[in-house]
Participant: 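My questions will all concern the structure given below.
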Amino acid sequence: MPAPSALKRITDTTWELPVSYKPGMLVPARIFATEKLITAMDAGVFDQVSNVACLPGIQKYAFCMPDGHWGYGFPIGGLAAMDPETGVISPGGIGFDINCGMRLVLTNLTEEEVKPRLRELVDALFYRVPAGVGSHGFVSLSHDEFCTVAEQGSRWCLKRGFAWPEDLEMTEEGGCFPGADASKISHKAIDRGYNQIGTLGSGNHYLEIQVARPENIYNEELARAFGITIPNQVVIMFHCGSRGFGHQVATDYLQLFLSVMERKYGITVNDRELACAPFRSREGQDYFAAMKCAVNMAFANRQVILHRIREVFSDNFGRDPADLGMEMVYDVAHNTAKLETHMVDGRRRELLIHRKGATRAFGPGMEGLPERYRETGQPVIIGGSMETGSYLLAGEPGGSETFFTTAHGSGRTMSRHQAKKMVRGQKLQRDMEERGIYVRTASWGGLAEESGRAYKDIDDVAEATERAHLSRRVVRLLPIGNVKG
DNA sequence: ATGTCC
């Protein structure tokens, strides 16, 4: 799809749509991509990112990351910073899967040690980390206790023995966004979520056993600082979010915002999917407090999943998880809105940052990073498709341009429908096994949809973020085992 | 993404 002719190239990897591109734009739109990626980007991205540039209170630019593609209202890969006093909060700028995110866990095992047990490990993970639409977890909670989880996130997990203290430190915001208020959650959302803690979900959610080969290390020093110290070291990466709970929170508040946006607040938007409310309004604050519940539920979900991964490896190897070196590298959130302080035109300002399919990537020395990563910058985890590999990167000072935000994954090039027509799940499983990747899936159709052929080249995305100085490559990770939702 | 429509 050709890019609009109004698109101007600002640098090697920065592209801009000026405010003249569309009536109502308050700021220009900026897209970070290589020439190859911008050429392949779907036209919906340009339309959507310029719609976002019209939202009240937006600061500097409406952004799209190199993995950007068409989404609900905002593009996936979208980033918008609003003035909290004059700006809006928009569920479409966060996504239905609130705090969908990635977690990376180390082991001190090598590929040679894991290979003979790979099938057993993946089969055990497939059993112990429930995957698929409508799956429910092993943790049984009352509605009341679920509300505590939603308010406390990983802190609840620590109390219940599902976390090591250092896990919280290696999670964005310590695994708990403060200000979550379960009284702002509908009964329906609680009912959908209370039995979903410790479940992977479906779609592009997965759990993967990966290898860090010496030839795939881009930066030795950062790799060492992030715990990649052994040749062919095995790591575990997984991707999941707030399940039906977050989905219901988003649905509830989109409905509410649509009913008040124009009538009560006189806000008009280019697309109903950009439904929003003033951040300082009652509705805006209620959504903010409810969204944080879904953020915290997702942190707790990933934490319980980590606990179960540790159990699987511990049982299989007959050794304590600590003895297997199963420490977290980091946990990153993809779909959030947060108040953060950033420099804007030489002034420190508090901004409401919407990240939708985009990763926070704090540079070296920034407040909010754990001590271990103060010198290195934040670990950034970018998931590729299950066939092609993923990246561990590091935040860098150049990220200031995007309020320290980078890409989150490959981004689709093919619709799910299209992929299912071209790929058969059973055949893909056999093909992958021949290439040394053992995969188990909850749904053959779901597996076909996630074929590597349906995604952008992760190498292009990682390279684009580095060339744009949003994050630097540390190590490329290759899959050997995968549990697919 | 999602008890893929209450």
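Letters A, B, ... mirror the listed sequences (proteins, then strands); counts begin at 1.
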Participant: Please report, rounded to the nearest Å, how far the P atom of dC5(B) is from the NE2 atom of His247(A).
Facilitator: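 Distance check: His247(A) NE2 to dC5(B) P gives 9 Å.
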Participant: To the nearest Å, give me how far apart CG (Asp252(A)) and C1' (dT2(B)) are.
Facilitator: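 Those two atoms, CG and C1', are 13 Å apart.
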Participant: Return the value, rounded to whole Å, for the distance between atom CG of Asp191(A) and atom C1' of dT2(B).
Facilitator: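 It is 15 Å, rounded to the nearest whole Å.
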Participant: Name the atoms and distances for all side-chain donor-acceptor pairs under 3.5 Å in residues 174-183 of chain A, with sequence neighbours left out.
Facilitator:
residue: Asp181(A); atom: OD1; partner: Ser183(A); partner atom: N; Å: 2.9
residue: Asp181(A); atom: OD1; partner: Ser183(A); partner atom: OG; Å: 2.8
residue: Asp181(A); atom: OD2; partner: Ser183(A); partner atom: OG; Å: 3.2

Participant: Answer yes when Glu450(A) and Lys420(A) have at least one side-chain N-carboxylate O distance shorter than 4.0 Å, and no when they do not.
Facilitator: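 Salt bridge: no.
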Participant: Using whole Å, report how far CD of Glu273(A) lies from P of dT2(B).
Facilitator: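 So the two atoms are 18 Å apart, to the nearest Å.
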Participant: Check this for me, if you would: do Arg282(A) and Asp286(A) make a salt bridge, where the nitrogen-to-carboxylate-oxygen distance has to be below 4.0 angstrom?
Facilitator: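 Asp286(A) and Arg282(A): salt-bridged.
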Participant: Whole angstrom is fine here: how far is it from CZ in Phe245(A) over to C1' in dT2(B)?
Facilitator: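 Value for this atom pair: 14 Å.
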Participant: Can you tell me how far C1' of dT2(B) sits from CD of Glu449(A), to the nearest Å?
Facilitator: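 Whole-Å distance recorded here is 13 Å.
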Participant: Rounded to the nearest Å, what distance is computed from the OH atom of residue Tyr72(A) to the P atom of nucleotide dT4(B)?
Facilitator: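 Interatomic distance, OH of Tyr72(A) to P of dT4(B): 17 Å.
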Participant: For the OH atom on Tyr127(A), are there more than 12 heavy atoms of other groups (residues, nucleotides or ligands in this structure) within a distance under 6.0 Å?
Facilitator: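 Check fails, neighbour count at 12 or below.
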Participant: If you measure from the Lys or Arg side-chain nitrogens to the Asp or Glu carboxylate oxygens, is any gap between Lys264(A) and Glu283(A) under 4.0 Å?
Facilitator: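 Yes, this pair counts.
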Participant: Around atom CZ of Arg424(A), are there more than 12 heavy atoms of other residues, nucleotides or ligands at under 6.0 Å?
Facilitator: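 It does not: Arg424(A) CZ has 12 such atoms or fewer within range.
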Participant: Check DNA chain B against residues 237-244 of chain A and give the residues with a non-hydrogen atom under 4.0 Å, in numerical order.
Facilitator: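 Contacts with DNA chain B under 4.0 Å: Arg243(A), Gly244(A).
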Participant: Please classify the nucleic acid contact of Gln196(A) as base, sugar-phosphate, or nothing, using heavy-atom distances under 4.0 Å.
Facilitator: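 Touches sugar-phosphate only.
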Participant: Are Ser202(A) and dT2(B) close enough that a side-chain N or O sits under 4.0 Å from OP1 or OP2?
Facilitator: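 For dT2(B), OP1/OP2 do have a side-chain N/O of Ser202(A) under 4.0 Å.
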Participant: In whole angstrom, what separates Met297(A)'s CE from dT2(B)'s C1'?
Facilitator: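 To the nearest whole Å, that distance equals 12 Å.
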